[in-house]
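Counting starts at 1 for both ligands and their atoms, in listed order. Everything quoted here is computed from the prediction, not taken from an experiment.
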Amino acid sequence: MFSNFKCEHSGDPTMFEPFWRKMGDRSTIVIPGWQSMSYFSDIGNLCWFLEPDFAKEIRRLHKLVGNAITEDHYIVVGTGSTQLFQAVLYALSPPDATDPVDVVSAMPYYSSYPSVTDYLKSGLYRWGGDAHTYNKEGAYIEMVTSPNNPDGHARESVVNLGGGTRVYDLAYYWPQYTPITSNVDHDLMLFTVSKSTGHAGTRIGWALVKDKEIAKRMTKFIELNTIGVSKDSQLRAAKILRTISDSCEHMATSDHSECFFEYGRFLMARRWEQLRDAVRRSGMFSLPEFLPDFCKYAGVATTPHPAFAWLKCEGEVQDCESFLRSHKILTRSGMHFGADPKYVRVSMLDRNDTFKLFVERLLSINS
Ligand code: PMP
């Protein structure tokens, strides 16, 4: 059981640990025993369990990075964006519909969408498969993941039928992974500290929601599901976001390695360079190519360096996952993402030692 979970969630973003070690006390919080005892955080707010300090830091960070508009949006906090995904499905499904609403996403899609959508066999919604081929009448929900997990490409919605709602999963729309080309202003956007800062264990995500009624229904879902979201985690997340904003606010004048996004971008670029070099030398694999684009945040053109490598076994090998496993490399088969088993997803966010070992083993396959 445990190893299955580990394999499914091999995007554990532990590579950022050295940065947070370096931050030391600047990112530490102490919570006295008497604090955060109440269920409530902000009784007057639509999302009554949202810590005001966390909300403030979310708006500040988006403003600094310029990746998403927070004005005219309600913030709903969730136990990871996984809970928010479910809250969105609940909020968008008409309660009196005779058939469940289809949830679709363009292949290759994030492998949790089908399993999380269907595991409770809800009467409200169900997994509808690849958005490219979806052509049914009626209501549907399209998940648009940009940059995409697993292949790293920037995406737009692909279904063009009436009756649909688009939900933008922007977990990876941060400067360490991709150029920030526009300040997006979608009706429904999901973010998470898991990928933005690397704090997957804090289990905090947030949704930016334009429509008040949808924000209310999402809040209701979380109220029914977990009676709110850990205040301790929100306070920690607030401190983490504050540390990032503080470290990057004066980037022009300060040491660049002190800014989390610069540090992350540099590290991701180096890892991708190492991986591309190994793939080139092997002649057995291929990787997606990405063109540079102007990053409004960095003020220069940057190249995408996704959190996952969508690796393809070229030639005879049909089952890339098994082939790599026989060389002691654990990956996740393309099949989980609705794609061909010639593809696998490889995490680029593991600890340094593991990543080094991965590149060494990849290189040793051809030698
Ligand atoms: N969306 C995408 C696209 C992801 O890759 C992930 C994490 N793998 C999540 C959502 C879930 O994030 P969280 O840890 O906040 O539940």
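- At a 4.0 Å heavy-atom cut-off, ligand 1 touches K195 through the side chain alone.
- By the criterion of a heavy-atom distance under 4.0 Å, the side chain of D169, and not its backbone, is placed next to ligand 1.
- Between Y113 and Y110, a ring centre-to-centre spacing shorter than 6.0 Å is recorded.
- Rounding to the nearest 0.5 Å gives a distance of 4.5 Å between NE2 of H186 and OH of Y168.
- Aromatic ring orientation, Y177 versus F16: perpendicular (interplanar angle above 60°, classes split at 30° and 60°).
- Counting only non-hydrogen atoms, the option in T192, L170, L349 that gets closest to atom 15 (O) of ligand 1 is T192.
- Atom CE of M284 is surrounded by more than 12 heavy atoms from other residues, nucleotides or ligands within 6.0 Å.
- A cation-pi arrangement, defined by a distance under 6.0 Å to the six-membered ring centre and an angle within 45 degrees of its axis, is present between R271 and F355.
- Against a heavy-atom cut-off of under 4.0 Å, T145 is close to the following atoms of ligand 1: 3 (C).
- With I204 as the fixed residue, the side-chain contact (heavy atoms from CB on, under 4.5 Å) test singles out one of V193, I240, L241: V193.
- Near T82, with a cut-off below 4.0 Å to any heavy atom, the atoms of ligand 1 are 11 (C), 13 (P), 16 (O).
- In this structure, R203 counts as a contact residue of ligand 1, since one of its heavy atoms falls inside 4.0 Å of the ligand.
- Contact annotation: for S81 versus ligand 1, heavy atoms closer than 4.0 Å belong to both the backbone and the side chain.
- Ring pair H62/W174 is parallel by interplanar angle, where below 30° counts as parallel and above 60° as perpendicular.
- Close approach of ligand 1 to S194 (heavy-atom distance below 4.0 Å) involves ligand atoms 13 (P), 14 (O), 15 (O).
- When Y110, Y109, W206, Y172 are checked for heavy-atom proximity to atom 5 (O) of ligand 1, Y172 turns out nearest.
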